[in-house]
Amino acid sequence: MSTTPTAPAPVIDPTAERRAAVARLAGPLGALTGQELLIGLDVDGTLVDHDGTMSAPMRAALQHAAEQHTVVIATGRSIGATLPIVRAAGIEHGYAVCSNGAVTLQIDADTEPGHRVIDTRTFLPGHALATLREVAPDAHYAVETAGGEFYATTGFQDASFGVEAIESDLEDLMALEAVRVVVHVPDLSPQEFSKIVAESGVHGVEYAIGWTAWLDMAAPGVSKASALEVVRERLGIAAAHTVTVGDGFNDVEMLGWAGVGVAMGQAPQGVKDVADEVTLSVYEDGTVLVLDALGA
């Protein structure tokens, strides 16, 4: 039986792809060269890959940018998991937005312990947790408090917490005041989980579902963008002189908020759609290209 030959897959020249990305970024970012900038940077998938590795060029570019501009680490990570990235960035005086905007730190290496909490946005998660328990009884739950502690149902530990979670019953979690609630359903896809959340009628909190069946909830109106706006106003930096880089759905608000929002090359299409530009992936040091284009 004869078969039709399959056409070979097109060969992508990584050098040409990099040149094209540099050219795309040069216009909107090059126009900001010489300005006082606020640069908001996501962590996972933006500064480090999904194994948590930061490349040497990324580390060098971060440290240089922190010397030239106000670099704000903006992440879903807790305080304990954010501070190592702040140190790697060489940020001795500046800011970090943690827990998807619910906690904002001022970094000051001249003080002990080197940072202080300047803003927290808390909420009472009891109703949302009770609602989700009805539709996702096998889910794992964790609550982050304003002090950076985590309380979680049995067996739920994650490196993004930055600390070991204290095992607690769900009833106890429902009584806590939270800055963030994490819900994880191991046996569901993100699409299945999104459908369950939509049908649950959860309200009164903001949420963003990530790469897995993972739900982050915060107080209404809280996002990385809301926290970055507080920092921007505090510093008096012009709104047009803000740049953000991210790859996840919890970055959508800050990409739209920034004067120039840049999505990572591996970001889902829904994230790219709200960004002004798209750089290369984290595995190709796409964030380094952004910082280089700014002259940082």
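Contact annotation: the side chain of Val230 never approaches that of Thr104 to less than 4.5 Å [non-hydrogen atoms, C-beta and beyond]. Counting heavy atoms from C-beta outward, Gln266 and Asp247 have side chains that approach closer than 4.5 Å.
Residues Glu284 and Ser281 bring a donor and an acceptor atom of their side chains to less than 3.5 Å of each other. Side-chain contact annotation: Glu144 with Ser99, donor-acceptor N/O pair under 3.5 Å present. A donor atom on one side chain and an acceptor atom on the other are not found under 3.5 Å apart for Asp172 and Ser168.
For the salt bridge (charged side-chain N to carboxylate O under 4.0 Å, His left out) with Asp216, the qualifying choice from Arg77, Lys224, Arg180 is Arg180, the only one to do so.
Summarising the geometry of Ala293 relative to Thr33, their closest heavy-atom pair is O-OG1, 3.8 Å, with the distance given to 0.1 Å. Contact detail for Ala159 and Ala81: the closest heavy-atom pair is O-CB, 4.1 Å. The two residues Val163 and Gly148 come nearest to each other via the heavy atoms CG2-O, 3.8 Å.
Partners of His115 by ring pair (Phe, Tyr, Trp, His ring centres under 6.0 Å), not counting sequence neighbours: none found.
In this structure, CG in Leu29 is found 7.0 Å from CD in Glu277, a value given to the nearest 0.5 Å. Atom CD1 in Ile73 sits 14.5 Å away from atom OH in Tyr95 (nearest 0.5 Å).
A side-chain donor-acceptor contact under 3.5 Å links Thr287 to the backbone of Thr46.
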